[in-house]
Enquirer: 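Have a look at this one before I ask anything.
Each chain gets a letter, A, B and so on, in the order the sequences are listed, and its residues count up from 1.
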There are 2 protein chains.
Amino acid sequence: MSTCKNHKISIDEALKKAEIICNKKGVKLTKLRQKVLTLILKNHGYVKAYDLLNDLKKNDASAKPPTVYRSLDFLMEHGFIHKIQSLNAFVGCSHPDEHEDCYFLICKECKNIEECCSNTVKKVLTSTSGKNNFSPNQVTLEITGICQDCS
Amino acid sequence: MSTCKNHKISIDEALKKAEIICNKKGVKLTKLRQKVLTLILKNHGYVKAYDLLNDLKKNDASAKPPTVYRSLDFLMEHGFIHKIQSLNAFVGCSHPDEHEDCYFLICKECKNIEECCSNTVKKVLTSTSGKNNFSPNQVTLEITGICQDCS
DNA sequence: AACTATTATGTTATATTATAACATTCATTT
DNA sequence: AAATGAATGTTATAATATAACATAATAGTT
Ligand SMILES: [Zn+2]
Ligand SMILES: [Zn+2]
Ligand SMILES: [Zn+2]
Ligand SMILES: [Zn+2]
């Protein structure tokens, strides 16, 4: 694990941003959801659901799988975190409210995950889908490899 | 489920092709592996591991999770099937031995999965990764939406 | 053929990931 | 305060996947 690239935004800033977005949407960033989001953001790489659960249990022994999965669902639904399908893991979103069609660069060495957006990628995917007469809805794009710091 | 697009190649042809590739590589397409591959190819959409297990049990009551997961591992390793990460499911490869950096168009209506290759997509992904100084190794690209037949 | 090494399969057990279903609590509105 | 709906608590279980060790089949080697 090398230097921290993902923490351009501090956890506090990210929480405030999330709070604002929730207010706009009329949904609630409850204490529990804040806690889960914080635990995810604290991690520079990805986090597994049951690791989160164990973290939660440190403060509240009664935490159980639904406790964490419900928060994860909420946080995903509103774009504060993303699920990495190829790892069954979760990462904080580096830019909620802005993003659309992001993709992930996953370093298998340091486990860091870089969230990226690219209009070029988006266009190519849309046009390729179009050639297949396919109307895309949701794109899962996860690229595993070696990051700069680890090469 | 609409017309069958994936069966441009018959199951028999696919099995023969797999056999040839295995011979070239000096690995064995055992009865069990053939059986599992056949079960996957019979399905036009995707298949779940435990559904496969149930299918296997019809002929051999002693089949157990490792029975199917080992075969799946073998078939994936040699490119005869692919895992769809966003579904925890498996599909037959429409063109083993040729492909590299394929992606999948997953219709959420008819559950059909179209495997595609595109040099354009590949190039864009490589170059975008490059801009991030990232050396890609393995790409997971799964596009969910509505296929032509279902739109 | 007997021996050996390797690969594949069988078997038992368990780990990991995720959801269903119902009860209770909390916040908001009336 | 009562009613409503949202969130959380709780119990149970479903779904996905692997570890570890035992046995069997296969392919070379003597
Ligand atoms: Zn994001
Ligand atoms: Zn790295
Ligand atoms: Zn393929
Ligand atoms: Zn369809």
Side-chain angles (χ1 to χ4, degrees), chain A residues 18-19 22-23 25-40 43 46-78 80-91 111 140 142, chain B residues 18-19 21-40 43 46-78 80-91 111 140 142:
Chain A
E19 190 74 57
C22 283
N23 286 339
K25 291 187 177 178
V27 296
K28 272 170 287 184
L29 192 65
T30 62
K31 283 265 181 284
L32 176 61
R33 291 164 177 169
Q34 271 179 50
K35 179 73 185 167
V36 172
L37 179 53
T38 303
L39 288 172
I40 294 171
N43 240 289
Y46 54 82
V47 188
K48 309 283 283 182
Y50 275 72
D51 291 341
L52 280 174
L53 179 54
N54 286 331
D55 286 345
L56 287 177
K57 278 180 174 165
K58 287 173 190 163
N59 291 319
D60 175 4
S62 79
K64 289 180 186 62
T67 313
V68 66
Y69 279 104
R70 281 172 185 153
S71 289
L72 289 172
D73 286 346
F74 175 89
L75 296 170
M76 278 193 285
E77 183 184 350
H78 297 290
F80 304 131
I81 64 170
H82 299 289
K83 179 170 185 181
I84 304 297
Q85 301 288 356
S86 56
L87 293 170
N88 290 324
F90 302 86
V91 286
K111 317 292 185 198
T140 298
E142 299 169 3
Chain B
E19 190 73 57
I21 293 169
C22 282
N23 286 339
K24 265 188 205 159
K25 291 188 178 179
V27 297
K28 273 169 287 183
L29 192 65
T30 62
K31 283 265 180 283
L32 175 63
R33 290 164 178 171
Q34 272 179 49
K35 178 74 187 165
V36 173
L37 180 53
T38 303
L39 288 172
I40 294 171
N43 240 291
Y46 54 83
V47 188
K48 309 284 282 182
Y50 276 72
D51 291 341
L52 280 173
L53 179 53
N54 285 331
D55 286 345
L56 287 176
K57 278 181 175 165
K58 287 173 191 163
N59 292 319
D60 175 3
S62 80
K64 290 180 186 61
T67 314
V68 66
Y69 279 104
R70 280 172 185 152
S71 289
L72 289 173
D73 286 346
F74 175 89
L75 296 170
M76 278 193 285
E77 183 184 349
H78 298 291
F80 305 131
I81 64 171
H82 300 288
K83 179 168 185 182
I84 304 298
Q85 301 287 356
S86 56
L87 294 170
N88 290 325
F90 302 86
V91 286
K111 317 291 186 200
T140 298
E142 299 169 3

Enquirer: Does a nitrogen or oxygen in the side chain of K48(B) sit under 4.0 Å from OP1 or OP2 of dA15(D)?
Expert: no
Enquirer: Hey, is the side chain of Y50(A) pairing donor to acceptor with the base of dA15(C) inside 3.5 Å?
Expert: no
Enquirer: When you check every protein heavy atom under 4.0 Å of nucleotides 22-30 of chain C, what one-letter string (B, S, -) results, 5' to 3'?
Expert: ---------
Enquirer: Just the rounded figure in Å: distance from C1' of dT11(D) to OH of Y69(A).
Expert: 17 Å
Enquirer: Name every residue in residues 31-39 of chain B that has at least one heavy atom under 4.0 Å from any atom of DNA chain C, in order of residue number, or write none if there are no such residues.
Expert: L32(B), R33(B)
Enquirer: Could you tell me the separation between the CG atom of N43(A) and the OG1 atom of T38(A), rounded to the nearest 0.5 Å?
Expert: 12.0 Å
Enquirer: Tell me whether K111(A) contacts the main-chain N or O of Y46(A) through its side chain, where contact means a donor paired with an acceptor under 3.5 Å.
Expert: no
Enquirer: Side chain of S62(B) only, heavy atoms from C-beta on: which candidate in dT11(C), dA7(D), dT10(D) is closest?
Expert: dT11(C)
Enquirer: Report the distance from atom CG of D73(A) to atom P of dT19(C), rounded to the nearest whole Å.
Expert: 7 Å
Enquirer: Roughly, in whole Å, what's the span from CZ in F74(B) to C1' in dA8(C)?
Expert: 11 Å
Enquirer: Which whole-number value in Å describes the distance from L56(B) CG to dA8(C) P?
Expert: 17 Å
Enquirer: Would you check if there is a donor-acceptor pair between the side chains of Q85(A) and T140(A) at a distance under 3.5 Å?
Expert: no
Enquirer: Please name the pair of heavy atoms, one in V68(A) and one in L56(A), separated by the smallest distance, quoted to 0.1 Å.
Expert: CB-CD1, 4.2 Å
Enquirer: Okay, side chain of K48(B), backbone of L87(B): is any donor-acceptor separation there less than 3.5 Å?
Expert: yes
Enquirer: Within this structure, what is the NZ-to-C1' distance between K64(B) and dA19(D), rounded to whole angstrom?
Expert: 16 Å
Enquirer: Output yes when at least one side-chain N/O atom of N88(A) is less than 4.0 Å from OP1 or OP2 of dT16(D), else no.
Expert: no
Enquirer: What residues, two or more places apart in sequence or in another chain, satisfy salt bridge (charged side-chain N to carboxylate O under 4.0 Å, His left out) together with K31(B)?
Expert: none
Enquirer: Can a salt bridge be assigned to the pair R70(B) and D73(B) using a cut-off of 4.0 Å between side-chain N and carboxylate O?
Expert: no
Enquirer: Select from P65(B) and K83(A) the residue whose nearest nucleotide in DNA chain C is closer to the 5' end of that strand.
Expert: P65(B)
Enquirer: N54(B) has an atom CG; how far is it from atom P of dA15(D), in whole Å?
Expert: 10 Å
Enquirer: Could you state the atom-to-atom distance from CG of L87(B) to P of dA15(D) in whole Å?
Expert: 16 Å
Enquirer: Nearest heavy-atom pair of S71(A) and V36(A): which atoms, and what distance?
Expert: CB-CG2, 3.7 Å
Enquirer: Taking L29(B)'s backbone N and O only, do any of them form a donor-acceptor pair with E19(B)'s side chain (distance below 3.5 Å, no angle check)?
Expert: no
Enquirer: Write down the distance between CG (L29(B)) and P (dT26(D)), rounded to a whole number of angstrom.
Expert: 14 Å
